[in-house]
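All values below were derived from every heavy atom in this structure, side-chain atoms included, with hydrogens, water molecules and symmetry-related copies excluded. Only a predicted model underlies this, so the values are computations on that prediction, with no experimental measurement involved.
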Amino acid sequence: MIGFRSYMETALAEARAAGARGEVPVGAVVVAPDGRVVAAAGNRTRELNDPTAHAEVLALRSACAAAGAERLPGHDLYVTLEPCPMCAAAISFARIGRLYYGAEDPKSGGVAHGARVFAHPQCHHAPEVYDGIGADAAARLLKDFFAGRRD
């Protein structure tokens, strides 16, 4: 049996890079069933002038392009912040096997808060969900980012 290996540090690096670009510091990583990182991204909504350019969506797009398929069964997704409803729906559509996320998002989350996308009967696929992975580091990045904007 292979032991659990977290890829949250890679997602946190993507989040830090997003913050350095002036984006909300959220990062995401898609990991193939064999443990290879197949995509990594940070938020780029401002840079691309695209409200859908969340880290999760960008990472899923890249991983699907690399796989040549619109679904990623057996893949894991690591994201530093609880996905919003849009991203949760994309995660479901991509058939991600396991979702690991860091900080919770009571205001805009779509997994444990708000819309709770995976709990709806209309949701055709719900991944296994593991929260709190790297939560303190992810929350600190977000708090520091927004504190710097309020000064």
Side-chain angles (χ1 to χ4, degrees), residues 1-45 47 52-119 123-148:
M1 166 123 185
I2 298 172
F4 173 74
R5 175 180 173 205
S6 175
Y7 293 81
M8 190 57 77
E9 189 52 49
T10 306
L12 285 164
E14 290 291 334
R16 288 183 202 99
R21 292 190 303 271
E23 302 278 357
V24 175
V26 176
V29 176
V30 178
V31 180
D34 65 5
R36 285 178 305 114
V37 171
V38 294
N43 277 355
R44 292 187 180 273
T45 58
E47 176 186 341
T52 70
H54 290 196
E56 301 95 307
V57 170
L58 295 174
L60 290 172
R61 286 177 184 161
S62 179
C64 285
E70 77 277 14
R71 294 184 178 167
L72 301 166
H75 287 64
D76 296 341
L77 176 67
Y78 288 80
V79 62
T80 58
L81 180 65
E82 176 184 348
C84 73
M86 174 187 72
C87 291
I91 291 162
S92 175
F93 295 151
R95 305 298 196 263
I96 289 293
R98 285 171 298 279
L99 166 65
Y100 300 90
Y101 71 84
E104 64 177 14
D105 190 353
K107 181 180 172 193
S108 301
V111 176
H113 299 90
R116 296 183 179 164
V117 171
F118 304 137
C123 182
H124 296 292
H125 171 78
E128 294 175 31
V129 177
Y130 302 91
D131 63 353
I133 311 291
D136 292 340
R140 174 61 42 214
L141 272 175
L142 289 158
K143 286 177 186 169
D144 291 349
F145 177 82
F146 286 113

Query raised in the report: Should the pair Arg140-Asp144 be classified as a salt bridge under the 4.0 Å nitrogen-to-oxygen rule?
Result: yes
Query raised in the report: With a 4.0 Å cut-off, would you call Arg16 and Glu9 a salt bridge?
Result: yes
Name the atoms and distances for all side-chain donor-acceptor pairs under 3.5 Å in residues 22-40, with sequence neighbours left out.
unit_1	atom_1	unit_2	atom_2	d
Glu23	OE1	Thr45	N	3.1
Glu23	OE1	Thr45	OG1	3.3
Glu23	OE1	Arg46	N	3.1
Glu23	OE2	Arg46	N	3.1
Glu23	OE2	Glu47	N	2.8
Asp34	OD1	Arg36	N	3.0
Asp34	OD1	Arg36	NE	3.2
Asp34	OD2	Arg36	NE	2.8

Could you report the tightest heavy-atom contact between [X] and [Y], atom names first, then the distance?
X: His125; Y: Ile96; result: NE2-O, 2.7 Å
X: Ile91; Y: Leu99; result: CD1-CD1, 4.2 Å
X: Ala41; Y: Ala55; result: O-CB, 3.6 Å
X: Cys87; Y: Pro83; result: CB-CB, 3.9 Å
X: Phe93; Y: Arg71; result: O-CG, 3.8 Å
X: Met8; Y: Ile133; result: CE-O, 3.3 Å

Query - Stepwise side chain to side chain contact (heavy atoms under 4.5 Å, CB included) test for Val111 and Tyr101 - result: CA-CA 10 Å; Val111 176; Tyr101 71 84; 4.0 Å; yes
With rounding to the nearest 0.5 Å, note down the distance linking [atom1] in [X] to [atom2] in [Y].
X: Arg95; Y: Glu70; atom1: CZ; atom2: CD; result: 8.5 Å
X: His54; Y: Met86; atom1: NE2; atom2: CE; result: 4.0 Å
X: Leu81; Y: Leu141; atom1: CG; atom2: CG; result: 11.0 Å

Query - N/O donor-acceptor pair under 3.5 Å between His124 side chain and Ser92 backbone - result: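 Such a contact is absent between His124 side chain and Ser92 backbone.
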Query raised in the report: Between the main-chain N or O of Ala112 and the side-chain N or O of Glu82, is there a donor-acceptor pair closer than 3.5 Å?
Result: yes
Requested in this report: If the plane angle is over 60° it's perpendicular, under 30° parallel, otherwise tilted; pick one for Phe4 and Tyr100.
Outcome: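 Plane angle between 30° and 60°, so tilted.
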**Report entry** Chi angles and distances behind the side chain to side chain contact (heavy atoms under 4.5 Å, CB included) call for Glu104, Asp131
**Finding:** CA-CA 8 Å; Glu104 64 177 14; Asp131 63 353; 6.0 Å; no
